[in-house]
Student: 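Dropping the structure in here first, questions after.
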Amino acid sequence: LIDPTSNTILNSYYDTLTTVVFHPLNSGEYIIRTIDSSGCSSDDSITICNPPELFLSLSNDTTICMGNSISISADINGGVFPYNYFWNNGSLGTTNYVTPLNTTSYFLTIEDNLGCSKQDSVTIIVQQIPIINAGNDENICIYDTVQLTATSSGVVNYTWSPTNSLNTTNIASPLAWPVDTSIYVVTGTDTLGCMSTDTIIVHVNTVDSTTNVNGNVLSANLSGASYQWVDCDSNFAEIPGETDQYFTALNNGNYAVEITNNGCNAISNCINVFGIGVIENSFGGKFVIYPNPTAGELTIDLGKMHESI
């Protein structure tokens with residue numbers, strides 16, 4: 001085998017073989033000279049085209065949050081296509097879509113059509129998600145305020161929702177004043193952006209303060225509670241001894257009831273009671289008022305004498 005540029009003999013084989021292997025060879029033109037036993041020679045030429053070196057590079061090592069997925073991509077060039085791909089987790093192709101539960105290294109070996117191979121690896125670091133606890137469920141009375149308190153490990157930012165009944169949403173312990181039973185969600189985020197959530201239910205207790213009236217007998221509609229009847233006309237002063245569900249008014253006036261149930265209080269609207277002390281009487285058919293119209297004085301004729309009017 002002769003380099004035609006320098007006319008240098010690169011390899012010599014003293015054999016009768018018709019097939020010989022020369023290596024390694026750079027790309028270029030070479031002369032093959034055959035010499036017989038008599039010293040006669042014959043030349044032929046051959047051009048060698050070497051493919052570029054096979055190249056493989058995987059994505060950089062990456063940190064992800066636990067439970068997240070990531071695509072590992074391979075950058076391949078050189079060699080002779082087609083390539084064969086051998087991932088250590090059995091994936092195929094240039095992209096490996098993984099969801100590791102722990103920090104894991106992935107290896108890819110590629111082999112081209114000439115049998116040349118390359119290997120590279122990438123490590124996916126799995127960051128544990130932060131721990132957050134919104135606390136135990138709460139019970140409050142309507143229109144009361146409660147402080148929510150989230151405890152956590154690894155959390156640097158907090159977000160609470162819904163926002164319409166909170167004094168702020170980006171601290172661990174906001175104040176809440178829901179008017180209905182509500183579920184609050186807190187999300188905690190660590191320095192890498194990994195997130196965790198928890199919920200708390202705030203139960204809002206209401207007291208039925210509606211009442212009924214029948215003549216001078218008043219009653220609260222809610223049973224099984226504690227009661228205190230009050231005199232609205234005396235600056236809502238408590239009426240001594242009137243702590244039952246039912247109350248009988250002895251005088252005309254306005255009355256209400258304070259009701260306590262499950263630790264919550266409510267007061268009813270004031271109820272007007274009238275007609276106490278008026279005696280119903282029947283004057284028969286004889287009941288005359290005259291003159292009509294009157295100039296300022298009139299006469300009422302009841303027909304006879306009555307003991308009471």
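All residue numbers refer to positions in the sequence shown, counting from 1.
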Student: Please collect all side-chain hydrogen bond (donor to acceptor under 3.5 Å, both in side chains) contacts where either partner lies in residues 202-228, sequence neighbours excluded, each pair once.
Tutor: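 Residue pairs with at least one partner in residues 202-228: Asp208-Thr210, Thr210-Asn221, Asn212-Asn221, Ser223-Gln245.
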Student: Rounded to the nearest 0.5 Å, what's the gap from CG on Asn88 to OG on Ser121? Could you check?
Tutor: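 Here the interatomic distance stands at 9.0 Å.
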Student: Which distance, rounded to the nearest 0.5 Å, do you find between the CG of Leu148 and the CG of Leu175?
Tutor: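 Separation between the atoms: 8.0 Å.
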Student: Cluster question for you: counting only ILVMFWY and a side-chain heavy-atom cut-off of under 4.5 Å, with indirect links fine, are Tyr106 and Ile70 together?
Tutor: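 Linked, Tyr106 and Ile70 end up in one cluster.
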Student: How far does OG1 of Thr95 sit from CH2 of Trp87, to the nearest 0.5 angstrom?
Tutor: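 Answer rounded to 0.5 Å: 7.5 Å.
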Student: Could you tell me which non-hydrogen atom of Cys141 sits nearest to which non-hydrogen atom of Val204, and how far apart they are?
Tutor: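 Cys141 and Val204 have their closest heavy atoms at C-CG1, 4.4 Å.
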Student: Does Phe86, at its CZ atom, have more than 12 non-hydrogen atoms belonging to other residues, nucleotides or ligands within less than 6.0 Å?
Tutor: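 Above 12, so yes.
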Student: Check whether any side-chain N or O of Thr163 sits under 3.5 Å from a backbone N or O of Ser161 as a donor-acceptor pair, and report yes or no.
Tutor: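 Not at all, since once roles are kept as given, no pair shorter than 3.5 Å links the two residues.
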Student: How far apart are the closest heavy atoms of Ile142 and Val179, and which atoms are they?
Tutor: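 The pair with the smallest heavy-atom distance is CD1-O, 3.8 Å.
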Student: Passes side-chain contact (heavy atoms from CB on, under 4.5 Å), Val186 versus Ile132? Steps please.
Tutor: CA-CA 8 Å; Val186 60; Ile132 191 165; 3.7 Å; yes
Student: Are Val146 and Ile201 grouped together when hydrophobic residues (ILVMFWY) are joined by side-chain heavy atoms under 4.5 angstrom apart?
Tutor: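 Result: no, two separate clusters.
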Student: Side chain of Ser268, backbone of Val257: donor and acceptor closer than 3.5 Å?
Tutor: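 Between the backbone of Val257 and the side chain of Ser268 there is a qualifying donor-acceptor contact (under 3.5 Å).
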Student: Using the rule that Ile, Leu, Val, Met, Phe, Trp and Tyr join whenever any side-chain heavy atoms are under 4.5 Å apart, tell me whether Tyr246 and Val213 fall into a single cluster.
Tutor: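 Looking at the clustering, Val213 is in a separate group from Tyr246.
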Student: For Thr109 and Gln119, which heavy atoms make the closest approach, and how far apart are they?
Tutor: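 Heavy atoms of Thr109 and Gln119 come nearest at OG1-NE2, 2.9 Å.
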Student: Quick one: do Leu218 and Leu222 end up in the same hydrophobic cluster if we chain Ile, Leu, Val, Met, Phe, Trp and Tyr together by side-chain heavy atoms under 4.5 Å apart?
Tutor: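 The answer is yes; both residues are in one hydrophobic cluster.
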Student: Please step through side chain to side chain donor-acceptor pair (under 3.5 Å) for the pair Asn157 and Asn170, ending with a clear verdict.
Tutor: CA-CA 7 Å; Asn157 293 308; Asn170 57 359; over 6 Å; no
Student: In terms of hydrophobic clustering (I, L, V, M, F, W, Y; side-chain heavy atoms under 4.5 Å; direct or indirect links), are Ile171 and Tyr184 co-clustered?
Tutor: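 Not linked; separate clusters.
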Student: Between the main-chain N or O of Leu114 and the side-chain N or O of Asp112, is there a donor-acceptor pair closer than 3.5 Å?
Tutor: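 Confirmed, Asp112 side chain pairs with Leu114 backbone.
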Student: Report, as yes or no, whether the 6.0 Å neighbourhood of atom CG on Asn136 holds more than 12 heavy atoms from other residues, nucleotides or ligands.
Tutor: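 At most 12 heavy atoms, drawn from other residues, nucleotides or ligands, come within 6.0 Å of this atom.
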Student: What heavy-atom pair brings Gly275 and Asn252 nearest, and what distance separates the two atoms?
Tutor: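 Shortest heavy-atom separation between Gly275 and Asn252 comes out as N-OD1, 3.1 Å.
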Student: If we only count heavy atoms from C-beta on, is the Ser91 to Tyr97 side-chain gap below 4.5 Å?
Tutor: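 In short, these two side chains do not touch, never coming nearer than 4.5 Å.
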Student: Please list, chain by chain and in numerical order, all residues satisfying side-chain hydrogen bond (donor to acceptor under 3.5 Å, both in side chains) with Ser152, sequence neighbours excluded.
Tutor: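 Per chain and number, Ser152 pairs via side-chain hydrogen bond (donor to acceptor under 3.5 Å, both in side chains) with Tyr158.
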Student: Heavy-atom distance under 4.5 Å between the side chains of Val273 and Asn254, does that happen here?
Tutor: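 Side chain of Val273 against side chain of Asn254, heavy atoms only: no contact under 4.5 Å found.
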Student: Is the backbone N or O of Pro130 less than 3.5 Å from a side-chain atom of Ser196, with the two atoms forming a donor-acceptor pair by type?
Tutor: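 Side chain of Ser196 to backbone of Pro130, a donor-acceptor pair under 3.5 Å: yes, one is there.
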Student: About how many Å separate CG of Asn265 and OG1 of Thr260, when rounded to the nearest 0.5 Å?
Tutor: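 Here the rounded value is 3.5 Å.
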Student: In terms of side-chain heavy atoms, does Glu111 have a donor or acceptor partner in Ser117 at a distance below 3.5 Å?
Tutor: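 Ser117 and Glu111 do not have a side-chain donor-acceptor pair below 3.5 Å.
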Student: Looking at Leu56 and Leu108, what are the two nearest heavy atoms and their distance?
Tutor: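 Nearest heavy atoms, Leu56 then Leu108: CD2-O, 3.5 Å.
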Student: When rounded to the nearest 0.5 angstrom, what distance separates CD1 in Ile259 from SG in Cys264?
Tutor: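 Here the rounded value is 12.5 Å.
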Student: With a 3.5 Å distance limit and no angle check, can you tell me whether Asp190 reaches the backbone of Val156 through a side-chain donor-acceptor pair?
Tutor: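 Not confirmed, Asp190 side chain does not pair with Val156 backbone.
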Student: Could you check whether Lys118 pairs with Glu53 (Lys NZ or Arg NE/NH1/NH2 to Asp/Glu carboxylate O, under 4.0 Å)?
Tutor: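 Salt bridge between Lys118 and Glu53, a charged N being under 4.0 Å from a carboxylate O: yes.
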Student: Does the side-chain contact (heavy atoms from CB on, under 4.5 Å) test come out yes or no for Ile200 and Glu138, once each step is laid out?
Tutor: CA-CA 8 Å; Ile200 180 174; Glu138 297 278 357; 4.1 Å; yes
Student: Taking Leu58 as the fixed residue, which of Asp120, Thr123, Thr94, Ile76 is the one that meets the side chain to side chain contact (heavy atoms under 4.5 Å, CB included) rule?
Tutor: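 It is Asp120; the other options fail the test.
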Student: Does Ile183 have more than 12 heavy atoms from other residues, nucleotides or ligands lying within 6.0 Å of its CD1?
Tutor: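 No, the 6.0 Å shell around CD1 holds no more than 12 heavy atoms from other groups.
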Student: Is there side-chain contact between Val98 and Ile72, with at least one heavy-atom pair below 4.5 Å?
Tutor: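 They are in side-chain contact.
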Student: What residues, two or more places apart in sequence or in another chain, satisfy side chain to side chain contact (heavy atoms under 4.5 Å, CB included) together with Cys65?
Tutor: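 With sequence neighbours excluded, Cys65 shows a side chain to side chain contact (heavy atoms under 4.5 Å, CB included) to Asn68, Cys194, given in chain and number order.
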Student: Treating Trp229 as the side-chain partner and Pro240 as the backbone partner, does any N or O pair qualify as donor plus acceptor under 3.5 Å?
Tutor: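 Not at all, since once roles are kept as given, no pair shorter than 3.5 Å links the two residues.
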Student: Taking all atoms of both residues into account, what is the closest heavy-atom pair of Tyr83 and Asn77, and its distance?
Tutor: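 Heavy atoms of Tyr83 and Asn77 come nearest at OH-C, 3.9 Å.
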Student: Mark yes or no for whether Asn133, through its side chain, and Thr151, through its backbone, hold a donor-acceptor pair below 3.5 Å.
Tutor: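 A pair under 3.5 Å: no.
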Student: With a 4.5 Å limit on heavy-atom distance, are the side chains of Phe55 and Asp75 in contact?
Tutor: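 A side-chain contact under 4.5 Å exists here.
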Student: Kindly indicate, with the supporting measurements, whether the criterion side-chain contact (heavy atoms from CB on, under 4.5 Å) is fulfilled by Phe247 and Ile239.
Tutor: CA-CA 10 Å; Phe247 167 64; Ile239 301 174; 3.7 Å; yes
Student: Answer yes or no: does atom CD1 of Ile131 have more than 12 heavy-atom neighbours from other residues, nucleotides or ligands under 6.0 Å?
Tutor: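 Result for CD1/Ile131: open.
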Student: If you round to the nearest 0.5 Å, how far is CZ of Arg33 from CG of Asp43?
Tutor: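 Here the interatomic distance stands at 4.0 Å.
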Student: Main chain of Ile124, side chain of Thr104: is a donor-acceptor contact present, judged purely on distance under 3.5 Å?
Tutor: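 Side chain of Thr104 to backbone of Ile124, a donor-acceptor pair under 3.5 Å: no, none is there.
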Student: Evaluate Val230 against Tyr255 for side-chain contact (heavy atoms from CB on, under 4.5 Å), listing each step before the verdict.
Tutor: CA-CA 6 Å; Val230 298; Tyr255 302 94; over 6 Å; no
Student: Return yes if some donor-acceptor pair links the side-chain N/O of Trp160 with the main-chain N/O of Thr168 below 3.5 Å, else return no.
Tutor: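 Absent.
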Student: Assess whether atom CG of Asn269 is packed by more than 12 heavy atoms of other residues, nucleotides or ligands within 6.0 Å.
Tutor: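 No, the 6.0 Å shell around CG holds no more than 12 heavy atoms from other groups.
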Student: Between Asp231 (side chain only) and Ala237 (backbone N and O only), is there a donor and an acceptor less than 3.5 Å apart?
Tutor: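 Looks like no, no N/O pair under 3.5 Å.
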Student: Side chains of Asn60 and Val122, heavy atoms from C-beta outward: is any pair under 4.5 Å?
Tutor: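 They are not in contact (no side-chain heavy atoms under 4.5 Å apart), so the answer is no.
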